Structures are given as C-alpha cells and as structure tokens.
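Remember, predicted model here, so these are calculated numbers, not experimental data. Lettering of chains follows the sequences in order, A, B, ..., and the numbering in each one begins at 1.
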Amino acid sequence: MIDQILTASVLASAIRLATPYIFAGLGETFGQRSGVLNLGVDGIMLMGAFAAFYTVFTTQSLLLGVLAALLVGLLLGLATAFVSVTLKAEQGISGIGFYLFGLGMSELLYQKLIGTPKSVTGFPPLAIPGLSDIEFLGIGQIFFRHNLLVYLAFALVPISAFILNRTTFGLKIRAVGQNPEAADAMGVNVARVRYMTVMLGGLMAGLAGASLSIALLNVFQQNLTSGLGFIAVALVYFGRWRPVGVLLGALLFSFVNALQLQASVIAPNIPSEFAVMAPYAITIIALVFASKQTEKPTALTKPFERGE
Amino acid sequence: QAQDAVFRVAAVAPSATNDLAFSQSMYDALLAIQKEMGEDQFQFVFQDGTFIVDDAAVALREWASSGEYDLVIAHGSQYGAILEELAPEFPDVSFAWGTDQNTFGLDNVYAYTAASNEGGFLNGAMAALMTKTGVIGVVGPIEVGDAKLYVDGFVAGAKAAKPDVTVNVTYIQSFSDVPLATEAAKTHIANGADILTGTAQMVVGAIAVAKEEGALWFGTQSSQAELAAEAGVQFQVYKWEVVLRDIIANIKAGKLGGEAYVITLANGGLVMEKGLR
Amino acid sequence: MRGIVKRFPGVLAVNHVDFDVQASEIHALLGENGAGKSTLMKMLYGLYHPDEGRIILDGNEVRIHSPHDAIQRGIGMIHQHFMLVPSLTVAENIALGMRSTRGLILDLDVVSRRVQELSEQYNLRVDPQTPIWQLAVGEQQRVEIIRALYRGASLLILDEPTAVLTPQEVDDLFRVLRQMTADGHALIFISHKLHEVLAISHRITVLRDGQKVGTIPTGEATRVKLAEMMVGRPVVLEYDRPPVERGPERLRLVSVSARSDRGDLGLKEVSLSVHAGEILGIAGVSGNGQRELAQVIAGLRPVTSGSIELDGRDVTGALPTTLIGLGLCYIPEERMVDGVIKEFTVAENFVLQDHGRANYTRAGIFLNFGAITRACRQAIRAYEIKTPGTDVPVKTLSGGNIQKLILARELTRSPQVIVAAQPTRGVDIGATEYIHRRLLEQRSQGAAILLISEDLDEIMALSDRIGVMYEGRMVGIIPRASADVNTVGAMMAGATLEQL
Amino acid sequence: MNFRPSAVTLVFFKTFANSLLNAWPLLLAIAAAAAAASLLLLALNANPIQAFSSMLQGAFGTTNATAETLVKAIPVLFVAIGICVAFRGGVVNIGGEGQMIAGAVAGVTAALTLGPIITFGPLLIALCLVCGFLAGALYGGLAGFLKAYFNVNEILSTIMLNQVAVQMMNFLLNGPLLDPAELGTNHIPKTARIVQWAELPRLSLSLGDNFELFTRTRLHFGLVLGIILAIVIYVLLWRTTIGYRIRAVGQNERASRYAGINVRRQIVLAMFLAGGIAGLAGVVQVLGLQYRLQTDGSPTGFTGNAGFNGIVAALFGGLNPLGAIPASVVFGGLLVGAQKMQRDLGVSAALITAINGLIVVFVVSSQYYIRQRARRRLAAPTSPAAAAAERPAAAAALEQQA
Ligand SMILES: Nc1ncnc2c1ncn2[C@@H]1O[C@H](COP(=O)(O)OP(=O)(O)OP(=O)(O)O)[C@@H](O)[C@H]1O
Ligand SMILES: Nc1ncnc2c1ncn2[C@@H]1O[C@H](COP(=O)(O)OP(=O)(O)OP(=O)(O)O)[C@@H](O)[C@H]1O
Ligand SMILES: [Mg+2]
Ligand SMILES: [Mg+2]
C-alpha cells in the first residue's frame, strides 16, 4: 500500500505542483517583510500567465514568453505599489480590486486574442545529466527531470533568503517592515524600499503565472489559477515570512495534494470531497504543531507617513 | 410572445461560451439555429460566466418580465430551483432548462438533457480496445449530473469491451480548477494510463497532457479535436439544436412547455465526431 | 535657525523661533512638555518641514528635505523615542541606511569591529550581536549614541538623552559629550533636568508654548531662574515629606524569581516588604530587574519561584483582574504601550480597568458614558490635565499629560498598594512636581508605595527606605537617612552593604 | 439601556457630512474609474454612455432593479457586520465564505428536520437562524481559538477553512442532505425545498391601493434583519463593556492585559461573533431567497462571493456596522448593475469583473485623502496673526526674568 502511495512520481508531482506557490510566495514575502500586504497576487499571476501564453502562442519563443510575464508582473507591481504606498490605500481592499481586475482582464484578452482553448509547447523537461539517472530512491526522477522554471523556483529560495538576510537592501526591507519611523530617521527611503519589494513581488507573481501557462499546463483558460495565488499568500504566513518556511509550506501543501490525487487512483472508495480537502486541513494542523513564536512584520498593512 | 415575426431567445449559462464544453454546446446550438432561420427570423442574447446562481435569477426574472422573449433558457442544472420559483409567476412566458428532465409539472417549462452515457459507452468501449497498457484515466469535476452520466457510461463501455481493463476515475471536485485537473491527468499517466478522457471545462490541461505524453484523448460535450490534435480520437458532441427546433416549433404552435427532451445518438442530438487521429 | 514656524492641525507647535549653535558648543534646549523642543529639532533633522523661517548651515541657507538629506549634511539626531528596530541586532541597526564597504552585501563584521572600537574609545559597553529588544533602555541609549558617533555627525541633536539614565550613566554620557565637543562637534542638548543642563551646556535656550522665552549663557543661569522661565511661575524644587507613622505590612515578596524576555532569570530571589504609609524607593541602573519586579507584582509576568502577598493574602500568580480588585495599582514604565490605548479617547482610557464597574455601567453591560465622562472631567480638573476634551484620542496629548491621566486613573481608584515605575520619566518639572506631591499625598493617606526609578534625585526626594537592584538581585535596602548619593551609587554598581 | 438615539444618527450625519465636504477625491476616483472603464468599452466597440446608463438602470432604474440590488446587498451586509467585529478585535477574518456555508448547512438542516414538527413559522425561522449563527460562530471561533491558543495565523486558517467548508458542503449535499426525490438520479446536489412557513417573508409594503413598494420582487425580510443587526452590533461595539474589551484588545493587547482583560478570550469571542454573523448571512440566503441549499462544487456558486465582498464593504464602511449599510447597498448596485450592462450590451462577463476591479481600486485609493481632509477640517489651525499677537507676551515674560 504505502509503496503504491509514496511513489517517486508522486514526489515528483509534489515538486511540480509547488513551483507556482514558491514563485508567488517568495515574491509576496518580500512585500510583506517591508510592510505591504499584496492580496492581488492571483490577479497578477493570471495576467502574467496570459502574457506568457500569448507571447509563446504567437512567437513560439519561450524566452520572450517569460520576459512578457515579467514585464506585466512588474507593471502591475508598480501599480500596486503606487496605490498602497503613495496613495496609502487600504491594502486589503485594493488587493482584492487588483485581483478582480487581473481576473477579468486576463479572460477578456484571452477571449479577444485567442478565443478558444489552445495549447502551446512549453518548457520541456530538462534532465540534469548524471543526477537525473540516480536510481536510488528514485531521486533522479523526483528532483532532476523537471523543466527549467521548476529548477528556477527552487533556486530562488536560497537567493531570496540571502537577499533578505545578507544585503543592505534586505536590511532595509526588514527595518522598513518592523519600524518604518526608525528606518526613515536613519535616512532610508521607506517609500522607495516598499516600491522595490512590491514590484519584485509583482515580478515573481508574473513568473508564477508563466510557470503555469507555459511550463506546467501549457494551456490558458479564464481563471487559470483558480485561487492559487491566495493560497500562496496564506503560505507566506505559514512560512513565517521566511523563504525557507514558504518553501516548506508549498512542499507540504503540494505533497498532500499529490498524495490525494494518487489516492483517488489506488483507493477509489475514499470520498473525493475529503481527499480534495486534505491539503487545506493538513496545512492548518501542521501549523498548530509548528513552533509557537512568530515575528510578523509589525508594520504590515500600515501605510507610513511622517508625523507631519 | 413578442408580436413581430422575429423569434427571440435569451439564455444564461454558468461558464464561458468558448469553454469547449457545456456552455459552448448551447451557444453553438443557438448559432446553428440562427444560421438555419436567418438573423431576421431568429435572434438571441446570451449571458455567460454566470456561475453565481443568484445572478442568473436576476437575469431570468428580467427577461421573463420584459415580455420581449419567446423563449428563456436556463442552461445549467443549478438553475432549476430558480426556475421552479420563477416560472409560475410568468405563466405566459416559455422557459427551458437543462440538463434535467423535470418540468416541475409546469406547462410553461421545457426540460432537456443529454444521454451522455451513450457516447460515454462508445468512447469507453473504443478506448478499452485501443489501450496497450490496459489502464485508462478519467478526470471528472464533481460526481453528479451530466459528468457522472458520461463517466459511468464510459466505465461501463470499457468493461463491456474488455472486462479486465482498469479504469481509474478521479473527481477533482471542481469545474474550473485547471491546474488540479492537469496534475490529475499526469497522475493517471504515472499510473500507467495511455488513454485519457474527461468532462467539463477544466479538462483543457488534461488534453495538453495527453498530447505531451503521447497518450490518447476521448472527449465529450463539444468537439475538442482542434485542441487535442493528433491525440484526439473521438468526441461526443451535443447538438442541442435538435431539441431547440422542436421547442421553437411548439412555442410557435402555442405550446409553452410541459415536455422533457433527451438528446441521444438515435435522435441525432448526440454525434460522435472523429479526432485528427 | 531663523523665525521658524511649525503648525500642526490645531496646534502652533513652534512660533517664530530663532536658534543657533556653534562648533564645539553644547547648546541646551529647555521647555515643558509640548513646548516645541522636539518639533524644532525634527525640522533641523528633515523629519518635518518649517511652515516659515530659514535654516542656515555653515553660513549658507539650506532646505533639509529628509533625514537622509540631514545625514548627508552631517546632522545626527538621538530621538526622544528611540529610533531602533527591535528585531534587528545592534550592528544591523547601526549599518541601516549606511553604505556598505562591500557594495550591496552587508558588512556586519566590519561594522561590529568599528562599534567595538568606538565603545572602547568612549567606554560605552554594547554587544553588537544582541537584538535590540533584549536591551534595557539605558543600553539602547548607548546604541543610539554609538550610531551617531559612527555616522560622524558634526552636529548632533540629543532629545532628552538622560531621561532614562542613572547618575553614573549620565556622567559617562557627559564625558562622551565633552570629548565630542573637544573634537569640534556641535551639540544640541534637550532635557528637563536643570542640574544636568547647568552641568553640561554652554548656553541655554528656553521655549514655552512654542515660543522662545530667551537664551542665556549657562554662567548666568540658576535652577530657580530656569524653572521660572520654563513654567512662567515660581516652582518648588524641594518638598518636605510630612512624617507618617508606618502602618501594617501591605506588600510582601519572599525570594521571588522570574524570567526576563531574554529567557534568563531577570529577577533573582528578591525579597521586600512595603508598609502602609511608606514609600520604598527602588534604585538601580536600567535593566537590572526593575522591569521584571514591577511586572511580577502587577501579575503581568509569571513567577518562577517565591511568593507574593497582598495584605497577608497570597497572590502569587494571580491574574491582573484579581490584583486590581484587591486595590493594587500599577503605573507602568512604558506608558504609551502598557498604560494607555492610544486610539481610545481620554474618557475610554480613564476606565481601562473599571469599565465594568457598577457605577460606570447600566444593566451590567451598557457603558454609562454620562457617569464616565463626569468622572473623567473631574479627574481632568483635579489633576490639571491639558486636553481639548474627554472624547479626543489620547495620542493627541503630550507625554506629560498622558502620564498625568494615568496617574489620575490609578489614584482615583483609592489604591492600597501603588507600584510606580519611572512615574516622571520624560515629564517636565511642573508635572514632575505635581506627580511627586500626589504620591506623597497617597502616602499620607496610608497607601504602600513601591517607587521604581532610575532618577536618583527622585528616589532620594521621596523614599522612606531605598532598595538598590543589581543584576536582578536586591543588593540591599537602607533607610533614607543613612543613604547618600555615593553609597547608593556604589550599590547600583553592585557593591553590597557589607563591602561598604 | 444607555442607548442614546442621537448616537446612530450622529454617526450617520458625521460620516455623511464629512463625505460630502470631502467628496471631491471620491468623485475624482469615480471619474477616473469611469474613464478607464470607458477606454475598455471603446476598445470592445461598446458605447460607454449607454453602458453606464444601463448599469445605473440595472442597479436602481426600476423598483425591481432596486429590489435586486438590495437582495444582493443583504448577505454582503451581514458578512460586513461580522467583519467589523473581527477587525475591530484585531483579527483579520478572511473566512466569510466558509462561515456562510457552515451557517447555511446548519440552517437548512434545521429547517428540513424541524420544519414538519414546528408549524409556527416565526419560531421555526428563529430556530434556523440560531442554528446557523451557532454553526458559523463555531466555525469562525475555531479560527479564533487556533489563533489565541496555538498562534495559528488567522489569515492562513480562514483561507484554508473556506475550502474545507465547501468540500464538507459538497459531501453532505451529495449524501446525508441530498433531496430524497433526487436519490439515484444524479442531478446537481441539492437539499429538498424547505417548508413554506420556514421562508422569510417577502418585503412588499402597499400603503393603500395607489402606493405600493417592492411588490412582486424578491426583496425579503433579511434586509430588515440586517439593518437591525447593524444597529445592535454598533451598540455592542461602542456602547457595551463587551465591545469595549474587544476593541481594546484589537488596538493594544499589552495595555488590555495590563488592565486585566483576558486577551485570548476576546480574540475567540470576536471570531465567534464574526463567524456567527457570517453564518446568519448563509441562513438568510437559504430562508429568504433560495429555499434550499445546492452546490455546483464551488463556494461562489452559493455565496456569490459575499464572503469577500463583505470585507470590502466593511472597510469602505470604516469598520462601522452603520457605515457598512450604505457600503453594501452601493456594492450590491455595482454587481447587479454590471450584470445588466452585460445583458444590454452583450459585453463579456470578464469585462464586468475587470471594471468592478477598477472601481474598487480607484475608490479605495481616494479614501485616504478623504480621511485627511476630514481630519484637517476637524482641527482648525491657529492663525499666524493670532500667533504674532502672542509674541509680545513672551517678550514681556523674558523682561521679567532678566
Ligand atoms: N533617499 C534614500 N533613502 C533611503 N536610502 C537611501 C537613499 N539614498 C541612498 N540610500 C541608501 O543609503 C545608503 C547610503 O546612502 P547613499 O548611497 O545615497 O550615499 P550618498 O551617495 O552620499 O547619497 P546620495 O546617493 O543620495 O547622494 C546606501 O545603502 C543607499 O542605498
Ligand atoms: N505629529 C504631530 N501632530 C500634531 N501635533 C503634534 C505633533 N507633534 C507634536 N505635536 C504638538 O506640538 C507641540 C510640541 O510638541 P513637541 O513634541 O515638540 O513638545 P516637546 O517640547 O518635545 O515636549 P516633550 O518635552 O514632552 O517632548 C505639542 O502641543 C504637541 O502636541
Ligand atoms: Mg520632545
Ligand atoms: Mg550624496
């Protein structure tokens, strides 16, 4: 039984599923660490997904596709930053607004520019020479036969951690998120830092979208993400605003999801409702047993303005 | 109803008119009718993407009370409850809804459904004969209605043609979750399936998987031949025009409802179309 | 600075003020709470922008747009409310906003080394690796100073830097400041403590209600004169403590220990007892367990061992509610965080503990705003609290007045036992004088008062007995009579009675 | 009780007056949103003027339109009221959807089981409401409990619990709660219809035979319940010790603990109430509108996004239950009007969604400036003239010193 459930392909599937959550989650982490909650991630992902898909659909160039997604993500990130940093809008609402915009706009463009479901040839699996042949525990299959974006997502985890903890920019991010007044008094331009993190978040969300439409699914349809971006935001809380935490959250969630899909094949008598609910329930339960103390950015969702 | 010669229809559907599935099947049918009768004879408005049941209620009520439409269609079994409340309030407006066979004993309500199990049976049988690995994967939305009918038919067909064939069925509990449906398809492949089928609009990703993995695809509701390309074998396509023609004729003859229709292979409401395969 | 004006909604914070400071000079800025000292300085540091007036730096007029701008121009500021990021380490706080020697990569090791050097050079002990939240206020103060030194500010503004320091720490600071002036730095020094100002400054400027009352050379200044300039009326600086005979024991701690936020034992087997009608003063360098002591008594921090008694009743580990019910009142150290809810109105804050009491409610659950407002108005009058009304958010009041409000709230509950932590920190003379009178009044009425303060003058002025804490232990408790600044000072440095 | 009727009207007046005085940023925002939307419409060669007029028509044009707008606003209002409690208590409750569903399931179960037994409508309805409230309250309270005692972030838990709730509903509607008449047939999973006397009455007032309002519309008694609830919760939050404690904890946990308030209990209580009120939204949808519970597998199919729209409405309403009333109505109008626009111009639903998004973004962007102007108005700055006049006084004081 267990060997039927815990096959290498299930683990490989977990890795695949985790990819968009990691991209979006890491991006959101930067924003939240600097004190900006971006609830519009899902909308940006959808726009990024479409941009990438349409570009590849018309030009067959995966590189251009990724660039298109990045560009769209960057622009929407800029808009988000402008609204929540400069206009100091209530971040909860504006995020939902951007989500709705992305949801509608991506479908609209899809209807006008493509019309009916089409598929593209996305990033092909890229077997890492040598490593991908490791038979032991199926390691090769689990880790080293994925497409480029999957590898990129996992590579971005340590990079993000490094940026946050080892660079001047990261230091500013942490300071701005914890005590903007102090950061401001030390000559850090709070607005500038937040613009950068939110735009970075947009960039990553766009990438997350691309990873769906031109790497994992290779199709586009309205609401392609179906709320995936909101889960990504939740996973940022799960990961306690640390890149590695986000990674663990994404892996746990995706692993359970892969498991339940496998279970539906080998144990058809489990009510599928419960199977589908499992990832959500287990993520909560996991957090109940996880370490207690959190270091939430104290300035999260609080716009900064001088006493003046 | 409307005094002029033009026959006017208003329809509401849960998903997009280009979903290659349920909503598109009705949209295409209305277009077909319009072609037959001509724009000057037949016009229709179509509100798609109305998965929020109450929004459909608003639309239906407005159309009914406007008195401008000869036929008001609620295309989605989730709309039945609304119609049951609404229709009695507008006895001289003709309604049609599906997929279901229940007219609520009202003589201004038509019901229509598809015997999608028939095409499912054919698809299943054919798939069973074609599979090399002896494993077939099915990706379904929620285990009800048209979807369940098709899937059950498919399984029955497969078993009938080849009793020892394995048919793995996964219901992902959503009509719209493309990523999950796609991963479900990949899971089937990983478990040895070399033939996939599925129903509802979220299967587009699964079709792409079939293509990439060199598996075969059987479809239903609308023709997915173009998307499935060389992976597509056979599609059960709904031709609601068959039902609509009768209903329109009845209404013109003054009969506003009270009948339930089933599209079948026999009456030409269901058509099996070949894929590029 | 010439003809500077700054308006805030409803307040004319700074009103046509001229102010200047020269190199190697210490220019003191005096004024009651809300006089406009901080605001004036924040304009010099680019945090606020003057509505009118000009700022001239090294002979040419400048516009200072942002702190970054000020920093670039060699202006540094140590803020009244520290500008440190609690979750970051000392080194990280100092590196913040500075250019790294490794470009984009942090160079914390370099920073740490430089910090070590500075802290030796000026003998300011700090560990670069500790996160700020683990530091006592006094230590945080040092971090602020080191950061200013690190940034090599040629003009340094110190906004009430001594408010949280002990005599020793103040002396250290003054040594540093003199050293800095010797190196040619120009310093602006804000304080409420006249003797400090007299001790350290070359010139003194006094503000009142946003206006400049005058500038005088320190040579010509006396405490009395300065006090009158600030308050606008003569003030009493020494008060007599009427003899009150010692009543029964009210509060007793028996070898109480508790953990600090750091997780180590911050309070080690402290025993003490306070009787009705007496003030037990607790002196000590900040961060030696005073905070933990106050919090365990108030029921806000769990006791790891030992026992606490109120009027002979064991209340170890009791909930704050219970203690409040038993007539314990606590004037918290961090008044803005613990003492009030900034966004709540004056009236709402006035009933923070008592909102459920019968006389403030109807039918058990409905707040009786009539009664609450009446009581609050009374307190405002009785305690001379300056506020536009009872229904304005507390955050619009000045620090001194917020403290008065807390005092009013606590004392009107006719407490049996009062724990007062730093009751006059950052409060101007007028208010300080007032608060001291009130505490003595309570003493005469038979309350048992535990006065925790890092202001030795305050301890000396009010206490009947004085306890000194060092590294979480009670070094000793001595009667006021046999206590002088030197003994207590020595004890604060860890010397036990035996050694003395 | 100490409820000054002035209080409510005062709040209304204040908010209203201020928003009028400071209307221009809002108007600007709406104009901007309209402009952006117009561009989209033009791009799809639809006539903007026509579009907006039909939007207005669809929202408030006819009695029925207004009724539908209000119908749409009812669940949004309920959720929004709950959100006010949660957010005021410092708990970010994103779980409106799940709590609504929990309430609806419990409510419909009660209606189906008790319906045949209790034939006295008002009592039956009351019981259903209570059941719905409790179910929602427990579901919301769970998130509160996890936050208070296990430090599980509520944003995460509520987002996840939404999904758990909908799967639960799917399971129940497919099994235990399935309409017996539907057994064997595999139609969309739905319960049987609730008994007549469990239905919330329709709201149609006819004063004499010449004046009648909302007759033959779907507007139901839920609206009245919602408005009453808004007032009750307003009083609870600002006029009772319970609300005082909830708000205190929401603003400053440390000060609350210092004041002897049991912080954890307040957090759970806030989520309990918030969830319960969201649960009521669910029951009211069933008893007042759908008369049965059915699922298309998605939460939205039943909730119509009220769980999320409620958050937006609450924040627009300044986290004040009374402010939530107009906010919800406007929001309802936006959604209903947009549908109408879709029908009249045949534009795609996607466009509507996008435009709604734009409106939300633009309007919320104006809020800050509106608040600013309001603040400035409240405190009239001292005039420089007066300041100048004071100067001699200070000078005189100086002479005295010298
Ligand atoms: N306006 C600003 N707000 C916040 N941080 C800033 C700002 N300008 C620069 N920084 C950062 O502060 C540190 C030192 O400032 P900066 O590099 O700007 O020195 P500078 O070159 O003297 O100043 P500037 O480039 O503005 O003339 C660097 O890490 C830089 O990234
Ligand atoms: N950001 C602000 N918004 C509105 N009013 C303010 C603001 N900052 C200060 N004020 C008001 O301006 C006046 C001067 O405040 P300021 O902080 O400069 O006084 P201060 O002399 O520093 O008092 P303290 O000795 O208590 O620090 C006070 O009335 C204060 O309430
Ligand atoms: Mg000050
Ligand atoms: Mg420079």
Open item on the list: What I'd like to find out is whether the side chain of Pro332(C) reaches to under 4.5 Å of the side chain of Tyr258(D), using heavy atoms alone.
Closed with: yes
Open item on the list: Using only non-hydrogen atoms and a strict under-4.5 angstrom cutoff, which residues of residues 137-145 of chain D touch chain C?
Closed with: none
Open item on the list: With a 4.5 angstrom heavy-atom cut-off, is it the side chain or the backbone of Ile261(D) that approaches chain C, or both, or neither?
Closed with: side chain
- [ ] Could you tell me which non-hydrogen atom of Ala255(D) sits nearest to which non-hydrogen atom of Val340(C), and how far apart they are?
- [x] CB-O, 3.8 Å
Open item on the list: Just checking Arg413(C): does its CZ atom have more than 12 heavy atoms from other residues, nucleotides or ligands closer to it than 6.0 angstrom?
Closed with: yes
Open item on the list: Please classify the contact of Val351(C) with chain D as side chain, backbone, both or neither, using a heavy-atom distance under 4.5 Å.
Closed with: both
TODO: Can you see which heavy atom on Gly356(C) is nearest to which on Arg245(D), and at what distance?
DONE: CA-NH2, 4.5 Å
Task: Salt bridge flag under 4.0 Å for residues Arg247(D) and Glu348(C) - done: yes
Task: Side chain, backbone, both or neither of Arg335(C) within contact of chain D (heavy atoms, under 4.5 Å) - done: neither
TODO: Could you tell me which of Ile365(C), Thr321(C), Asn349(C) has the largest number of non-hydrogen atom pairs under 4.5 Å with chain D?
DONE: Ile365(C)
Task: Region of Leu300(C) in contact with chain D, defined by heavy-atom distances below 4.5 Å - done: side chain
Open item on the list: To the nearest 0.5 Å, what is the distance between CD1 on Ile242(D) and NE2 on His355(C)?
Closed with: 10.0 Å
Task: Any Leu367(C) side-chain heavy atom under 4.5 Å of Arg239(D) side chain - done: no
Open item on the list: Nearest 0.5 angstrom please: Thr241(D) OG1 to Arg357(C) CZ, how far?
Closed with: 14.0 Å
TODO: Measure the spacing between CD of Glu343(C) and CG of Asn252(D) and express it to the nearest 0.5 Å.
DONE: 7.5 Å
Open item on the list: A side-chain contact here means heavy atoms from C-beta on lying under 4.5 Å apart; do Leu352(C) and Tyr244(D) qualify?
Closed with: yes
Open item on the list: To check you understand the geometry: which heavy-atom pair defines the closest contact between Gly260(D) and Pro320(C), and what is its length?
Closed with: CA-CB, 3.7 Å
Open item on the list: Is Tyr360(C) close to chain D through its backbone or its side chain, or both, or neither, when contacts mean heavy atoms under 4.5 Å?
Closed with: neither
